[in-house]
Every structure is written in structure tokens, then in C-alpha cells.
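Written out below as C-alpha cells is the structure these notes cover.
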Amino acid sequence: MNESEARRRELLRQTRKLYHDRQDIPAVHPRYGRIYHSLYESDTELAEHSSGSFYTRLVIGILCFVCFVYMDQSRASVAEVNSTAIVEQIEKDLDPEVIQEVWNSL
């Protein structure tokens, strides 16, 4: 190993040590602060600050499915809508031109 290679390795080691030991947050624009914290905070800190809506959406989806199954099994109708009408609306093909026309009329 020659002298310049040894010097490069030493500089690399010093640079890694300098940036690895840093625990403070670098200067981040306020607009991107939330993204930075979500990417680089430790798991314990992230778990404390996280308020995801996954479980809320999951519960709402399960409730909608249970109501649909109940409507289908008991042949119930709510506001003149039954399970067959719901399935027809789900399977219905949408024309992009009609959607654009309705959107523009709003």
C-alpha cells in the first residue's frame, strides 16, 4: 500500500466517522420536514408520532362488506337500493368523456 492510498483510506475513515456519529437533523426545508422525519427517525420515535388511518379504513371496509352481505342474504333494500343495484354499479363501464363532461359542468 503506497502513501496516497493510505491517505485516502484514512480520509474515508474520518469522513465515515464524522457523518456516522452525527445525531442532529440536517438543515431541511420546512416543507420536507415531515417526509424527512418519516424516513429517518428511529422506529420507536416513529411509532409514537405515527397516526396512520389503515385500521380505520380497514374497519370501514369490513363494515361495508358485512352490510352488503346482510343486504344480499336478507334481500333488504335501503333507500330503494338493493345488493343487485350495487353490483350493477360496480360492474358498470364508465365513459371517460362523460366523466369529463360532468366534471366540467361542476
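This structure is a prediction, so every number in the text was calculated from the model and none was measured.
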Exercise. Going hydrophobic residue to hydrophobic residue with side-chain gaps under 4.5 angstrom, can you get from Leu63 over to Phe54?
Worked result: no
Problem set entry | Presence of salt bridge, Glu3 and Arg7, under 4.0 angstrom | no
For this session: Is it possible for you to say whether Trp103 and Leu94 belong to one hydrophobic cluster, with membership spreading through side-chain heavy-atom contacts below 4.5 Å?
Result: no
Exercise. Should the heavy atoms of other residues, nucleotides or ligands under 6.0 Å from OH of Tyr70 be counted, would the total exceed 12?
Worked result: no
Problem set entry | Beyond-backbone contact of Val81 with Gln89, side-chain heavy atoms, under 4.5 angstrom | no
For this session: Using the side chain to side chain donor-acceptor pair (under 3.5 Å) rule, collect all pairs that involve residues 71-88, keeping only residues at least two apart or in two chains.
Result: Asp72-Ser83
For this session: List for me each residue that meets side chain to side chain contact (heavy atoms under 4.5 Å, CB included) alongside Gln14, sequence neighbours excluded, and say none if there are none.
Result: Glu10, Leu11
Problem set entry | Those residues that, when tested against Ile60, pass side chain to side chain contact (heavy atoms under 4.5 Å, CB included) (two or more places apart) | Thr56, Cys64
